[in-house]
**Student:** 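So that we are looking at the same thing, I have put the structure below in structure tokens.
Keep in mind that this is a model prediction, so the values were computed, not measured. Throughout, a chain's letter reflects where its sequence line sits, starting with A, and its residues are numbered from 1.
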Amino acid sequence: MIIQSQRTTIRPMTTAHLAQTMTLMSLTADELRQKIEGELANNPALELVEERRCATCRRTLDAGGICPVCSRPEGILHEEPVVFISPREDFYTTRSATTSEELSDEEITADIEDLPTFVLRQIAPDLDPDDRPIAAHILTGLDEDGLLRIPLLEIARYHHVPISRIEKVLTLIQRAEPVGVGSSSPQEALLVQLSALSETQPTPPLASKAIQEGMDLMSRHQYAELGRLLNISTNQAKEIAYFISENLNPFPGRAHWGDIHQSAEPIQDVYHLPDIIISFLNNSAEPTLVIEIVAPLAGKLRVNPMFRSALAEAPSDKTEQWKGDIERASLLIKCIQQRNHTIVRLMQDLAVIQREFFLHGDACLEPITRASLAKALDVHESTISRAVSGKAVQLPSGRIIPLAKLFDRSLHIRTVLRQIIDQEKKPLTDTQLAKRLKEKGYPVARRTVAKYRSMEGILPAHLRQPVQLAQLTPQAR
DNA sequence: CTATGGCACGGATT
DNA sequence: AATCCGTGCCATAG
């Protein structure tokens, strides 16, 4: 709609405009910042001017010079969620400070998503610079499960160093998130995780023996055999197997494996900075939601008026180029405005629809589709897709989740499912679970229950322990 | 015989 | 057009 109104003004650039709006839409605030910075450096027509900000909360003041949050009487904000755009350059400064410290030079640059980079960043401070090539060698040799299939000896030969030095580096890597990465086998990964875990919480004393000697028995669920091997009862053997599958992950490279406590979540969180921040304005039972859309840069972009007026006196061979600069600048600005506008509207609607979710968590997530929202906002579906993908939102609790999670169709059911299982006295079978869910108003097929269960990392009924798991004999090690 | 996971199909979603 | 998701059917383990 808005695009069309501008089509007349920038006629020759319609396609470029559309294309750029599309690309900008799918960019993270952080990515957009980089793009703008690049453009600022290259394009003399573009300039960034200071903007007045609120003295207390540093948010950008609106046209009337009023802070959108602080300066207003609270009563006015009571009805609707507040949505506004706000620069949070402090995020970027802290981030670029840490990244530049840790990965001083070469190879690793942008790609946060890949595992080798992720690990290398963590170990960089403790890593002897001389050992960098070794670490790089190991990390690039990881398979998709995060395991190292290359023999250490081979690496040692390649670098002409004693194997002990390789081991030293490897130890460092294995202690990084995801813990156990770089191990040569699932067993080794489990052992590393076990010893890491034992520093913070009690672990079953025989777990390591079970992993070392009874791995194949466990994977075949032959608990009686396992019990005999460890000189304990079948039930105790089951407990140990249960502990291992609940808390450890034989394939550290695979992100999901259902432990909410340590490895899985932080990884997701580390991946991105928030693009949107949600908080409460007041602490009442019915708090007002404050939704900040993170602006890529503090200040306001505009076409430099000096540059524009200088155009008349430009040397003849430069006028074309200068015109182009000005056009590029104004195009960029328009596209950014459009992007912001869409995101603001998107969040306004989401704030209303998902209010309960922001307040009370996963169980209250309203299952909506991007398509339905697109209709409500009267934009094309793909626009919503672009706006949503890759972005992250910070909840009032401080958790950072992908924006796409607000469009999860089954999260609420999975949450209820987990609640049922948490409260169960005896392990319920999938069929029984399906029945319970139906009673609660979530009709799902038995097969689907199984899928949700595994998504949540919950074991099948016959492996869940009805008895006291917490009372595992806490012996000295 | 029951509980569960794998494969694959069709419809919805992106 | 490509992908994701819920579900049914079937093989397998216990």
Side-chain angles (χ1 to χ4, degrees), chain A residues 18 21-28 214-228 233-235 237-239 241-242 245-246 249-251 254-258 342-343 346 349-350 353-354 362 365-392 401-418 420-421 424-438 440-466:
Chain A
L18 278 171
T21 317
M22 271 160 48
T23 37
L24 289 190
M25 191 60 76
S26 51
L27 292 185
T28 303
M215 196 62 185
D216 51 331
L217 295 178
M218 276 194 284
S219 54
R220 267 180 270 134
H221 305 307
Q222 295 171 345
Y223 302 114
E225 279 287 314
L226 182 66
R228 206 150 355 116
S233 76
T234 306
N235 246 358
K238 272 191 189 173
E239 276 176 28
Y242 178 79
S245 66
E246 267 297 285
N249 178 359
F251 306 105
R254 299 184 194 168
H256 300 290
W257 227 62
T342 310
I343 297 182
L346 172 78
D349 273 33
L350 272 179
I353 297 169
Q354 303 291 21
D362 287 1
L365 185 75
E366 195 69 26
I368 53 167
T369 67
R370 307 174 197 333
S372 65
L373 209 71
K375 224 187 299 156
L377 291 180
D378 199 24
V379 294
H380 194 9
E381 299 165 8
S382 65
T383 310
I384 303 288
S385 281
R386 289 173 193 286
V388 166
S389 73
K391 309 253 176 13
I401 60 169
L403 186 54
K405 193 165 171 178
L406 300 184
F407 295 87
D408 192 313
R409 274 176 288 168
S410 58
L411 183 69
H412 57 139
I413 306 188
R414 295 207 304 273
T415 312
V416 174
L417 176 67
R418 214 168 23 190
I420 294 178
I421 293 179
E424 79 190 359
K425 298 198 186 108
K426 258 171 119 71
L428 297 166
T429 68
D430 289 348
T431 319
Q432 293 166 314
L433 288 169
K435 205 168 140 218
R436 289 284 187 90
L437 281 172
K438 191 170 188 173
K440 292 202 172 213
Y442 304 101
V444 283
R446 180 242 105 204
R447 189 65 190 78
T448 311
V449 172
K451 283 256 159 100
Y452 288 171
R453 217 178 14 76
S454 67
M455 275 173 147
E456 297 297 318
I458 299 169
L459 288 171
H462 60 276
L463 291 179
R464 264 179 271 141
Q465 216 52 33

**Student:** Identify whether any heavy atom of A:Arg453 sits under 4.0 Å from a base atom; if not, whether one sits that close to sugar-phosphate; answer base, sugar-phosphate or nothing.
**Tutor:**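 Result for A:Arg453 = sugar-phosphate.
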
**Student:** Any side-chain N or O of A:Ser382 under 4.0 Å from OP1/OP2 of B:dT14?
**Tutor:** no

**Student:** CD of A:Glu381 versus P of B:dA12: gap in Å, rounded?
**Tutor:**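 Taking CD of A:Glu381 and P of B:dA12, I get 14 Å after rounding.
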
**Student:** A:Ile353 and A:Leu406: side-chain contact (heavy atoms from CB on, under 4.5 Å), yes or no, with the steps?
**Tutor:** CA-CA 10 Å; A:Ile353 297 169; A:Leu406 300 184; over 6 Å; no

**Student:** Rounded to whole Å, how long is the line connecting atom CG of A:Leu433 with atom C1' of B:dT2?
**Tutor:** 15 Å

**Student:** Assign A:Arg409 to base, sugar-phosphate, or nothing according to its heavy-atom contacts below 4.0 angstrom with the strands shown.
**Tutor:**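 Sugar-phosphate contact only - A:Arg409 comes under 4.0 Å of backbone atoms but never of a base.
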
**Student:** Just call it for A:Ser385: base, sugar-phosphate, or nothing, with non-hydrogen atoms closer than 4.0 Å on any strand.
**Tutor:** sugar-phosphate

**Student:** Taking for each residue the nucleotide of DNA chain B with the nearest heavy atom, is it A:Arg446 or A:Lys451 whose nucleotide lies nearer the 5' end?
**Tutor:**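 Of the two residues, A:Arg446 wins.
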
**Student:** Are any of the side-chain nitrogens in A:Arg436 or A:Glu424 under 4.0 Å away from the carboxylate oxygens of its partner?
**Tutor:** no

**Student:** Between C:dG6, B:dA3, C:dT7, which nucleotide gets closest to the side-chain atoms of A:Val444?
**Tutor:** C:dT7

**Student:** As an exercise, state the distance from CG of A:Asp362 to NZ of A:Lys405, rounded to the nearest 0.5 Å.
**Tutor:** 4.5 Å

**Student:** Is A:Thr369 reaching over with its side chain to a backbone N or O of A:Ser372, donor-acceptor style, under 3.5 angstrom?
**Tutor:**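 Here the side-chain-to-backbone pair exists.
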
**Student:** By the 4.0 Å heavy-atom rule, please label A:Ser454 as base, sugar-phosphate, or nothing.
**Tutor:**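 The answer is nothing, as A:Ser454 stays clear of every strand by at least 4.0 Å.
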
**Student:** For the pair made of NE2 in A:His380 and P in B:dT13, what is the distance, rounded to whole Å?
**Tutor:**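 Rounded to whole Å, this separation is 16 Å.
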
**Student:** Rounded to the Å, how far apart are A:Ile458 CD1 and B:dA3 P?
**Tutor:** 18 Å

**Student:** Looking at A:Tyr452, does any N or O in its side chain come under 4.0 Å of the phosphate oxygens OP1/OP2 on C:dC5?
**Tutor:** no

**Student:** How long is the line joining NZ of A:Lys375 and P of B:dA12, in whole Å?
**Tutor:** 13 Å

**Student:** What is the distance, to the nearest angstrom, from the CD1 atom on A:Ile368 to the P atom on B:dT13?
**Tutor:**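 Between P of B:dT13 and CD1 of A:Ile368: 12 Å.
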
**Student:** Could you tell me how far apart A:His462 (NE2) and C:dT12 (P) are, to the nearest whole angstrom?
**Tutor:** 17 Å

**Student:** Using a 4.0 Å heavy-atom cut-off across all strands, classify A:Phe407 as base, sugar-phosphate, or nothing.
**Tutor:** nothing

**Student:** Going by side-chain hydrogen bond (donor to acceptor under 3.5 Å, both in side chains), A:Asp430 matches just one of A:Arg447, A:Arg453, A:Arg446. Which one?
**Tutor:** A:Arg453

**Student:** Measure the distance from CZ on A:Arg447 to P on B:dT2 and round it to the nearest whole Å.
**Tutor:**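 Those two atoms, CZ and P, are 18 Å apart.
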
